[in-house]
Amino acid sequence: KAYNSGKAEDVAALFHPQAEFVDEEGVSYKGRPAIQELLTKYFAKFPGVKLTINVDSIRVTGPVAIEEGVRTTVTKDESAGAQ
């Protein structure tokens with residue numbers, strides 16, 4: 001809901017304070033402030049972007065959960081990208 005509303009601060013709040021986010025190009029963003037800055041720029045570049053997630057499986061390995069599935073984003077002009 002926060003992502004589809006373009007609320008970078010609310011999306012970033014879902015991450016652990018020392019989280020690390022690695023983008024599709026391998027660039028690493030460490031910590032909630034860096035992730036929020038990335039999201040702020042992303043939402044400014046793609047206003048109205050929407051996200052759909054279809055989870056295929058979740059595996060718990062110790063204190064970590066690994067989710068596998070398909071993430072689809074659709075921009076305001078309806079161009080889509082799937083990961």
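Computed from a predicted structure; not experimentally measured.
- Val22 is not connected to Leu38 by any chain of hydrophobic side-chain contacts under 4.5 Å among Ile, Leu, Val, Met, Phe, Trp and Tyr, and they are in different clusters.
- Annotation: the span from Asn54 atom CG to Thr72 atom OG1 amounts to 6.5 Å, rounded to 0.5 Å.
- Val74 is not listed as a side-chain neighbour of Phe46, based on a closest heavy-atom distance of 4.5 Å or more.
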**Request:** Assess whether salt bridge (charged side-chain N to carboxylate O under 4.0 Å, His left out) is satisfied between Arg59 and Glu68, documenting all intermediate values.
**Result:** CA-CA 8 Å; Arg59 293 181 296 138; Glu68 294 191 28; 3.6 Å; yes

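- A heavy-atom distance below 4.5 Å is found between the side chains of Tyr3 and Val49.
- Closest heavy-atom contact between Tyr29 and Ile35: O-CG1, 4.0 Å.
- Closest non-hydrogen pair, Ala12 versus Leu39, comes out as N-CD1, 3.9 Å.
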Please evaluate residues Lys50 and Lys76 with respect to the criterion side chain to side chain contact (heavy atoms under 4.5 Å, CB included), reporting the C-alpha separation (whole Å), side-chain torsions for both, the decisive distance (0.1 Å), and the verdict. CA-CA 8 Å; Lys50 301 296 179 204; Lys76 189 167 59 174; over 6 Å; no

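- The two residues Ser28 and Glu20 make their nearest non-hydrogen contact at OG-OE2, 2.5 Å.
- Residue Glu9 places its CD atom among 12 or fewer non-hydrogen atoms of other residues, nucleotides or ligands, all under 6.0 Å distant.
- Hydrophobic clustering (ILVMFWY, side-chain heavy atoms < 4.5 Å, transitive): Ile58 and Leu14 are in distinct clusters.
- Under a 3.5 Å cut-off, the side chain of Asp10 and the backbone N or O of Ala2 do not form any donor-acceptor pair.
- Across Val11, Asp23, Thr73, a single residue satisfies side chain to side chain contact (heavy atoms under 4.5 Å, CB included) together with Tyr42, and that is Thr73.
- Rounded to the nearest 0.5 angstrom, Phe43 CZ and Asn4 CG are separated by 8.0 Å.
- A heavy-atom distance below 4.5 Å is found between the side chains of Ile66 and Val64.
- The backbone N or O of Thr52 sits nowhere less than 3.5 Å from a side-chain atom of Arg71 that would complete a donor-acceptor pair.
- Atom NZ of Lys45 is separated from atom NZ of Lys41 by 11.5 Å, given to the nearest 0.5 angstrom.
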